[in-house]
Amino acid sequence: MSTPTRPALHPLPTTLAAVALVAAGSLTVSSAPAQAAACNGYVGLTFDDGPSGNTPALLNALTQNGLRATMFNQGQYAAANPSQVRAQVNAGMWVGNHSYTHPHLPQLGQAQIDSEISRTQQAIAAAGGGTPKLFRPPYGETNSTVKAVEAKYGLTEIIWDVDSQDWNGASADAIVQAAGRLGNGQIILMHDWSANSRAAIPRIAQGLTARGLCAGRISPQTGRAVAP
């Protein structure tokens, strides 16, 4: 008595199913778990003075290289470019307050400082950037009056550990080297308008990966870079 023979399976669906499984497997295995395992520390990439006409190219460079950053926006530019504030958020960036007109805050009275900070809070929120929790004083200049106004609006003051010197004409090579000095929890200063900082981004990403560091968010509690 012979064993019943099963009907032959159609080869095409089987092949497609196999391809689908392989594709699904490759998507599952590739990026996220490996990247998560490689993060032995976090650094804060920050870009001041946006948003601007340079913002789309900057966001593109960051996202293409798997990086997230904190964008310290000026209120006047957030009000003029609300779509770019939304683009920053949509690209996975965090948005902070960098004053409205970028003055030397310690030279101003408390009412003027309050206006600079409060109007920027409003402009960023109105543009879809949320209500900032982080404040970077222009030029890194601060005093007790500035700190008192920051506290009024629940803002944590963020300076930097490493200055890329992009504002001073530093080359892309020099900016990459500056980023190479970042340690766990530390923050680097860069600028939205700097073509050299934008050009440095792929190598900054490579350098961080080689050292087991990932781009993180800046904690309002500690003012340090932490896991996103």
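No experiment lies behind these values; they were computed from the predicted model shown. Note: hydrogens, waters and symmetry copies are ignored here, and every other heavy atom, side chains too, is used.
- Residues R203 and D173 are paired through a salt bridge, judged by an N-O separation under 4.0 Å between the basic side chain and the carboxylate.
- Of all non-hydrogen atoms in A172 and N196, the two that sit nearest each other are CB-O, 3.7 Å.
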Practice problem: Go through the steps to decide whether V226 and I218 satisfy the test side-chain contact (heavy atoms from CB on, under 4.5 Å), and finish with yes or no. | Solution: CA-CA 6 Å; V226 296; I218 299 173; over 6 Å; no
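- Here the side chain of Q112 pairs a donor or acceptor atom with the backbone of G109 at under 3.5 angstrom.
- Atom CG of residue N184 and atom CG of residue N40 lie 9.0 Å apart, to the nearest 0.5 angstrom.
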Exercise. Run the numbers on L58 and F47 for side-chain contact (heavy atoms from CB on, under 4.5 Å), then give the verdict.
Key: CA-CA 9 Å; L58 173 60; F47 292 88; 3.7 Å; yes
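- Here the closest heavy-atom approach between residue A79 and residue Y100 is recorded as CB-OH, 3.8 Å.
- Listed for the Q121 side chain is a donor-acceptor partner under 3.5 Å among the backbone atoms of P132.
- Side-chain atoms of D166 and S197 form a donor-acceptor pair, as typed in the model, at a separation below 3.5 Å.
- For M190 against S164, the heavy-atom pair with the smallest separation is CG-OG, 3.6 Å.
- Looking at E116, Q74, Q76, R119 one by one, the single match for side chain to side chain donor-acceptor pair (under 3.5 Å) with T101 turns out to be E116.
- There is a side-chain donor-acceptor pair under 3.5 Å between T142 and E157.
- Between the side chain of N97 and the backbone N or O of S99, at least one donor-acceptor pair lies under 3.5 Å.
- A donor-acceptor contact under 3.5 angstrom links the side chains of W193 and D49, judged on distance only.
- Without hydrogens or angle criteria, Q64 side chain to A61 main chain gives no donor-acceptor distance under 3.5 Å.
- Counting only N and O atoms by type, the side chains of Q88 and N73 include a donor and acceptor under 3.5 Å apart.
- By the 30° and 60° cut-offs, the orientation of the rings of H102 relative to H98 is perpendicular.
- Here the closest non-hydrogen pair linking V85 and I124 is CG1-O, 4.2 Å.
- Of all heavy-atom pairs spanning V89 and G128, the tightest one is CG2-O, 3.8 Å.
- Looking at D114 and Y153, their side chains do bring a donor and an acceptor atom within 3.5 Å of each other.
- With no hydrogens or angles considered, no side-chain donor-acceptor pair links T70 and R217 at under 3.5 Å.
- For the pair V176 and A200, the tightest heavy-atom approach, listed with the atom from each and the gap, is CG2-CB, 3.7 Å.
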